[in-house]
*Asks:* 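Provided herewith is a single structure, encoded as structure tokens, for subsequent inquiry.
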Amino acid sequence: MIILGEDSQRVKDKDAQEYNISAARAVADAVRSTLGPKGMDKMLVDSMGDVTITNDGVTILTEMDIDNPTAEMIIEVAETQEDEAGDGTTTAVAIAGELLKNAEDLLEQDIHPTAVIKGYHMAAEQAREEIDDIAETVDSDDTDILKKVAETSMTGKSADLDREVLAELVVGAVQQISVDADDGSTVVDLENLKIETQTGRSARESELLKGAVINKDPVHDDMPTNFEAADIMLLNEPVEVEEADADTQVSIESPDQLQQFLDQEEAQLKEKVQQIVDTGADVVFCQKGIDDLAQHYLAKEGILAVRRTKKSDIKFLKNIVGGQIVSDLDSASETHLGHGSITRDEEGELFYVEGDGDEVHGVTLLIRGSTDHVVDELERGIEDAIDVVASTVADGRVLAGGGAIEVELASRLRDYADSVSGREQLAVEAFADAVELVPRVLAENAGLDSIDLLVDLRAEHEAGNARAGLNAFTGDVEDTFEAGIVEPAHAKEQAVSSAAEAANLVLKIDDIIAAGDLSTEGDGDEAGGAGGMGGMGGMGGMGGAM
């Protein structure tokens with residue numbers, strides 16, 4: 001009996017499990033070499049020829065042209081990790097891949113996937129409890145620890161060289177936008193933090209500014225550019241001649257009629273400018289266009305005007321200077337205006353805008369770098385650092401890095417496995433082995449012997465040194481917390497949970513039924529299909545992107 005269509009494909013039982021595990025492991029292997037302070041970068045070239053150079057896990061996985069349903073499930077792990085914790089994406093994906101590799105060994109021993117799934121779930125729950133037990137509390141105003149968290153996050157990325165300077169800026173930014181909630185917790189409002197980039201200068205010259213940075217020029221050369229105390233209008237309406245709603249044609253029979261027509265347009269623009277003047281505004285940030293003639297009249301009135309300001313900048317300026325966004329000049333009044341100071345940086349072609357009220361808070365991190373590629377990677381590294389510092393401030397827990405937490409976690413999970421009955425015990429032990437992948441890969445990427453290092457680490461932890469980890473710069477096993485290698489506990493908990501859930505999701509599948517070839521684009525021949533597991537159903541596209 002034929003049930004499936006002619007073009008459909010089906011992979012069942014062990015073949016399906018092998019197919020899925022192979023695809024997931026290929027994704028994990030693609031990012032493993034980027035892990036840690038000595039991790040390598042990837043060059044990603046898209047279909048338009050644009051180049052991205054990065055070792056940020058989630059950027060690599062989202063930019064790669066992956067056309068495989070299982071692989072995309074693993075990419076979701078990285079995206080979830082990025083959304084929830086801001087960092088640790090490579091760790092989460094690498095552990096997921098190792099969990100599936102170890103599960104494959106268990107499946108070959110005729111252990112049912114259900115037992116493996118249950119064991120992994122038990123181990124993940126226990127791991128979260130152990131992380132909470134090992135974690136150390138930190139105050140939101142403990143600047144030294146927060147700087148170490150930021151520096152650890154940036155280590156191995158482009159921000160690495162100037163990480164001390166940049167870490168200070170990151171911590172300063174997060175602390176300025178942190179507020180105490182009614183229940184005593186600390187809330188970090190990242191809406192009040194904006195990142196701007198500028199090329200042509202050193203990363204060391206990056207700065208944290210209290211207020212907004214607008215990368216625009218005045219619309220007229222004769223306009224003033226500096227105000228100590230300015231009344232600021234945020235305008236979401238063009239200062240241009242209004243166009244008719246319907247298509248119209250005007251027949252002009254004499255030069256006088258043409259002049260009347262032009263005079264009317266001029267009067268209309270004069271009226272709009274006068275409406276701005278009547279509100280008492282000194283500065284206008286307009287989201288739309290400003291007519292050349294209106295620019296001239298605004299300059300005569302001594303008003304600074306900036307046109308085509310980005311929508312996000314207008315919203316951020318509202319937080320900085322207060323006031324309201326004006327959508328109709330006819331109803332605009334003095335009450336709609338915000339207040340602050342304006343400073344012009346001619347060299348950088350930037351406006352610095354600061355609010356003058358204590359209740360208005362918002363900061364801008366101005367990141368500088370020598371080239372566009374450098375700035376882009378710096379921005380990615382700093383965004384991760386901001387996320388982990390914000391997570392640490394809100395969560396209040398930190399861990400020793402350098403693989404210390406993973407080795408301690410593996411040791412405790414093996415002890416826990418002794419109390420687990422049935423075949424799930426083997427899955428818990430496999431989970432412990434998978435977690436130890438992190439120090440192994442850190443050592444490999446640093447050019448060290450991973451086996452010798454893991455033996456030394458286990459010995460230190462058996463002796464009771466729970467903070468013993470790898471310092472990849474010296475190659476020594478030491479107290480990484482004291483060495484300044486500090487990670488947020490929340491990110492580690494999320495990485496372990498995400499990896500376990502993704503691995504269990506893949507292991508639960510025993511039958512793949514595809515309407516066409518096993519690709520997510522359905523474009524046919526290049527995907528390779530389920531039959532050719534060497535291509536892993538379209539993972540060939542992944543090689544092309546690397």
*Asks:* Please determine whether a side-chain nitrogen of the Lys or Arg among Lys194 and Asp313 lies less than 4.0 Å from a carboxylate oxygen of the Asp or Glu.
*Replies:*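 A salt bridge links Lys194 with Asp313.
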*Asks:* Strictly distance-based, threshold 3.5 Å: is any side-chain N or O of Thr480 a donor or acceptor partner for the main-chain N or O of Ala483?
*Replies:*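 Not confirmed, Thr480 side chain does not pair with Ala483 backbone.
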*Asks:* Rounded to the nearest 0.5 Å, what separation is found between the NZ atom of Lys315 and the CG atom of Asn319?
*Replies:*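 The CG atom of Asn319 is 9.0 Å from NZ of Lys315, to the nearest 0.5 Å.
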*Asks:* Please answer whether the main-chain N or O of Glu347 pairs with a side-chain N or O of Asp345 as donor and acceptor at a distance below 3.5 Å.
*Replies:*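 Yes, Asp345 side chain to Glu347 backbone: donor-acceptor pair under 3.5 Å.
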*Asks:* Hey, are Glu168 and Arg163 close enough for a salt bridge, meaning a charged N less than 4.0 Å from a carboxylate O?
*Replies:*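 No.
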*Asks:* Val388 versus Asp384: any side-chain heavy-atom pair under 4.5 Å?
*Replies:*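 In short, these two side chains do not touch, never coming nearer than 4.5 Å.
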*Asks:* Can you check whether Ile342's main-chain N or O pairs, donor with acceptor, with Glu354's side chain at less than 3.5 Å?
*Replies:*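 Not confirmed, Glu354 side chain does not pair with Ile342 backbone.
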*Asks:* Any idea which heavy atoms bring Ala124 and Ala500 closest together, and the distance?
*Replies:*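 Answer, listing the atom of Ala124 first, then Ala500: CB-CB, 3.7 Å.
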*Asks:* Minimum heavy-atom separation for Ala24 and Leu100, please, with both atom names.
*Replies:*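 Closest heavy-atom pair between Ala24 and Leu100: CB-CD1, 3.3 Å.
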*Asks:* Could you pull out the closest heavy-atom pair between Thr59 and Leu44, with the gap in Å?
*Replies:*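 Closest approach of Thr59 to Leu44, heavy atoms only: O-CD1, 4.1 Å.
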*Asks:* With side chains defined as the heavy atoms from C-beta onward, is the minimum distance between Asn236 and Val326 less than 4.5 Å?
*Replies:*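 No; the side chains remain at least 4.5 Å from each other.
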*Asks:* Are the charged groups of Glu237 and Lys288 less than 4.0 angstrom apart, N to O?
*Replies:*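 Judged by the 4.0 Å cut-off on N to carboxylate O distance, Glu237 and Lys288 do not form a salt bridge.
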*Asks:* Which heavy-atom pair separates Val353 from Ile320 by the least distance, and what is that distance?
*Replies:*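 Heavy atoms only, the tightest pair is O-CG2, 3.8 Å.
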*Asks:* Does any N or O in the side chain of Lys101 come within less than 3.5 Å of the main-chain N or O of Arg25, such that one atom is a donor and the other an acceptor?
*Replies:*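 Such a contact is absent between Lys101 side chain and Arg25 backbone.
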*Asks:* Name each donor-acceptor pair under 3.5 Å that joins a side chain in residues 219-232 to protein atoms two or more places apart or in another chain, with its distance.
*Replies:*
{"from": "His220", "atom 1": "ND1", "to": "Asp222", "atom 2": "N", "distance (Å)": "3.1"}
{"from": "Asn226", "atom 1": "OD1", "to": "Arg344", "atom 2": "N", "distance (Å)": "3.0"}
{"from": "Asp231", "atom 1": "OD1", "to": "His339", "atom 2": "ND1", "distance (Å)": "2.8"}

*Asks:* Quick check against the 3.5 Å criterion: does Asp46 have a side-chain atom that pairs as donor or acceptor with the backbone of Gly49?
*Replies:*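 Yes; at least one donor-acceptor contact below 3.5 Å.
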*Asks:* When you look at Asp395 and Val138, which way does the side chain to side chain contact (heavy atoms under 4.5 Å, CB included) test go after all the steps?
*Replies:* CA-CA 9 Å; Asp395 183 58; Val138 57; over 6 Å; no
*Asks:* Counting distance only, does the side-chain N/O of Asn445 pair as donor-acceptor with the main-chain N or O of Leu35 below 3.5 Å?
*Replies:*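 Such a contact is found between Asn445 side chain and Leu35 backbone.
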*Asks:* Does a side-chain heavy-atom distance below 4.5 Å link Leu399 with Val486?
*Replies:*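 A side-chain contact under 4.5 Å is absent here.
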*Asks:* As an exercise, state the distance from CG of Asp476 to CG of Leu470, rounded to the nearest 0.5 Å.
*Replies:*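 Interatomic distance, Asp476 CG to Leu470 CG, rounded to 0.5 Å: 8.5 Å.
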*Asks:* Run the numbers on Thr70 and Asn20 for side chain to side chain donor-acceptor pair (under 3.5 Å), then give the verdict.
*Replies:* CA-CA 6 Å; Thr70 312; Asn20 284 330; 2.5 Å; yes
*Asks:* Taking the side chain as every heavy atom from C-beta outward, state whether Met73 and Val506 have any atom pair closer than 4.5 Å.
*Replies:*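 Of all side-chain heavy-atom pairs linking Val506 with Met73, at least one is under 4.5 Å.
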*Asks:* Between Glu63 and Lys42, is the closest basic N to carboxylate O distance under 4.0 Å?
*Replies:*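 No salt bridge links Lys42 with Glu63.
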*Asks:* So do Ser206 and Leu169 actually touch side chain to side chain, heavy atoms under 4.5 Å?
*Replies:*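 The answer is yes; the side chains approach within 4.5 Å.
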*Asks:* Between atom CE of Met233 and atom NE2 of His336, what is the distance when rounded to the nearest 0.5 Å?
*Replies:*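 Interatomic distance, Met233 CE to His336 NE2, rounded to 0.5 Å: 9.0 Å.
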*Asks:* Got a second to check how far Ile134's CD1 is from Leu409's CG, nearest 0.5 Å?
*Replies:*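 Result: 5.5 Å between the selected atoms.
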*Asks:* Does Thr309 reach the main-chain N or O of Cys286 with its side chain, forming a donor-acceptor pair under 3.5 Å?
*Replies:*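 Yes: the side chain of Thr309 pairs with the backbone of Cys286.
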*Asks:* As a quick check of understanding, evaluate side chain to side chain contact (heavy atoms under 4.5 Å, CB included) for Thr364 and Tyr352, giving each step before the final call.
*Replies:* CA-CA 10 Å; Thr364 300; Tyr352 300 143; over 6 Å; no
*Asks:* If you apply the rule side chain to side chain contact (heavy atoms under 4.5 Å, CB included), what do you find for Leu304 with Asp282, and how did you get there?
*Replies:* CA-CA 6 Å; Leu304 167 63; Asp282 301 310; over 6 Å; no
*Asks:* Taking side chain as C-beta onward, heavy atoms only, is Leu366 less than 4.5 Å from Leu350?
*Replies:*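 In contact.
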*Asks:* Can you see which heavy atom on Thr392 is nearest to which on Pro488, and at what distance?
*Replies:*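 The pair with the smallest heavy-atom distance is OG1-CB, 3.4 Å.
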*Asks:* Do you know which two heavy atoms are closest between Leu442 and Gly402, and how far apart they sit?
*Replies:*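 Answer, listing the atom of Leu442 first, then Gly402: CD1-C, 3.7 Å.
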*Asks:* Could you note down all residue pairs passing side-chain hydrogen bond (donor to acceptor under 3.5 Å, both in side chains) where residues 485-504 supplies at least one of them, sequence neighbours left out?
*Replies:*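 Only Arg128-Ser497, Arg397-Glu493, Glu406-Lys492, Glu487-Lys492, Gln494-Ser498 qualify under side-chain hydrogen bond (donor to acceptor under 3.5 Å, both in side chains).
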*Asks:* So, do Val283 and Ile303 sit near enough that their side-chain heavy atoms are less than 4.5 Å apart?
*Replies:*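 Of all side-chain heavy-atom pairs linking Ile303 with Val283, none is under 4.5 Å.
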*Asks:* Before giving the answer on side chain to side chain contact (heavy atoms under 4.5 Å, CB included), spell out for Val45 and Thr52 the whole-Å C-alpha distance, their side-chain angles and the decisive distance to 0.1 Å.
*Replies:* CA-CA 6 Å; Val45 186; Thr52 303; over 6 Å; no
*Asks:* Is it true that a side-chain atom of Gln81 and a backbone atom of Ala495 form a donor plus acceptor pair closer than 3.5 Å?
*Replies:*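 Side chain of Gln81 to backbone of Ala495, a donor-acceptor pair under 3.5 Å: yes, one is there.
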*Asks:* Working to the nearest 0.5 angstrom, can you tell me the gap between Lys216 NZ and Arg308 CZ?
*Replies:*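 Here the rounded value is 8.5 Å.
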*Asks:* Considering the options Glu379, Glu205, Glu207, which one meets the salt bridge (Lys or Arg N to Asp or Glu O under 4.0 Å) requirement together with Arg368?
*Replies:*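 So, applying the salt bridge (Lys or Arg N to Asp or Glu O under 4.0 Å) to Arg368 and each of Glu379, Glu205, Glu207, only Glu207 qualifies.
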*Asks:* State whether the side chain of Asp162 and the backbone N or O of Val165 hold a donor-acceptor pair below 3.5 Å, judged by distance alone.
*Replies:*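 Pair absent, no side-chain N/O of Asp162 close to backbone of Val165.
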*Asks:* Quick check: does any side chain N or O of Tyr120 sit under 3.5 Å from a backbone N or O of Ala503, one acting as donor and the other as acceptor?
*Replies:*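 Judged by distance alone, no pair lies under 3.5 Å.
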*Asks:* May I ask you to test the Leu365-Glu196 pair for a side-chain heavy-atom distance under 4.5 Å?
*Replies:*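 The answer is no; the side chains never approach within 4.5 Å.
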*Asks:* Would you compute the distance between atom OG1 of Thr89 and atom CG of Leu61 and round it to the nearest 0.5 angstrom?
*Replies:*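 Here the interatomic distance stands at 7.5 Å.
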*Asks:* Are Arg380 and Asp56 within salt-bridge range, i.e. N to O under 4.0 Å?
*Replies:*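 Judged by the 4.0 Å cut-off on N to carboxylate O distance, Arg380 and Asp56 do not form a salt bridge.
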*Asks:* For Glu191, is the CD atom crowded, meaning more than 12 foreign heavy atoms sit under 6.0 Å from it?
*Replies:*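 At most 12 heavy atoms, drawn from other residues, nucleotides or ligands, come within 6.0 Å of this atom.
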*Asks:* What I want to find out is whether Arg32 reaches Glu444 closely enough, with some N-O distance under 4.0 Å, to be called a salt bridge.
*Replies:*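 So Arg32 pairs with Glu444 through a salt bridge.
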